[in-house]
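The block underneath contains the structure these notes are about, expressed in structure tokens.
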Amino acid sequence: MKIIGEKINGTRKRVAQAIQERDGAFIQDLARKQAEAGADWLDANAGTHPSREPEDLIWLVENIQAATDKPICLDSANPKALEVAIKAVKQTPMINSISAEPHRLEGVLPIVAAHKTPAIALAMDEKGIPKTKEDRLNVIRRLLGETRKLGIADNQLYFDPLAMTIATGTDNGLTFFSTIRSIRSEFPEVHITCGLSNISFGMPARAHINRVFLTLSMEAGLDSAICDPMDHDIKTAMLASELLLNQDKHCLKFTRAFRAGAFTKV
Ligand code: THG
């Protein structure tokens, strides 16, 4: 299981403030803590000011790289911001994200192809997020048609089936799990990811929903997630799920984490 640390996101109040005030120490601290907690990539989202986004994203990249060597997941649909940020990164970044929306196919996909970066691909098009599994798969088939034409390997792609909150549809979890299973059987090479906390928007006791959602999704074939690597509940659920799904040879990861105190609540 790979973790994309979610915390450096300009839609969060405190991060927006740090970007605005150029409070580099705050961003560096978030980067260091997520890296130490086991993030494989650090998501960088500069927020929603299109005119300021390129310089804000570069500033985020520079501060993340001052704190850690972890690769960055550039969370933007703005080709201008992506182009300049790619010049600033020391390691090949992940791009978050492409989709079947024309502006992303025209603006972001060529960047992924030119720089051979891993990329998250959303199962949506200009009409939005399809309701049914079959319609999401059709979007994914269409996207793979485009990426394969450009020589992008299937295993460069992290498909995001887009978890919708359980608060607005009690079958949203089931649709999500069955979409994962179908992607896994039809396209065995691709990776599957998601924004983990989407499932519980508007619900109480969100941590508990997110934790079980993670476990069920991993059983269906999820192999990465955009989440908070410092979250104790998520981390322990991930370790136990990997153990039970034969993703932890000789139980090493689990027992090592236990010895390091990962299961002790502080
Ligand atoms: N798919 C893809 N990318 C994504 C998402 C997705 N990027 C953004 C988002 N969704 C995932 N990232 C975050 C980042 C932070 C928080 C949630 C998702 C977060 N939320 C707090 C909470 O839920 O309680 C509230 C905000 C705050 O702390 O201020 O921290 O789905 N490809």
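First listed ligand is number 1; within each ligand, the first listed atom is number 1. As the structure is a computational prediction, the values presented were derived from the model and not from experiment.
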Is there any salt bridge (Lys or Arg N to Asp or Glu O under 4.0 Å) pair reaching into residues 176-185, and which pairs are they, with sequence neighbours excluded? R181-E219, R184-D223

Would you please write out the protein residues whose heavy atoms approach any atom of ligand 1 to under 4.0 angstrom, listed by chain and number? E6, N9, R12, K13, D75, N96, I120, L122, D160, G195, S197, N198, R206, I226

Residue pairs, two or more places apart or on separate chains, that pass side chain to side chain donor-acceptor pair (under 3.5 Å) and touch residues 55-74: R22-D56, Q28-N63

Among pairs that include at least one residue of residues 249-266, which meet side chain to side chain donor-acceptor pair (under 3.5 Å), considering only residues two or more places apart or in two chains? E242-K253

Taking the six-membered ring for Trp, are Y158 and W41 parallel (under 30°), tilted (30 to 60°) or perpendicular (over 60°)? perpendicular

S241 side chain vs M238 backbone, donor-acceptor pair below 3.5 Å: no

Taking all non-hydrogen atoms of both residues into account, name the closest pair between G5 and A39 and its distance. N-CB, 4.1 Å

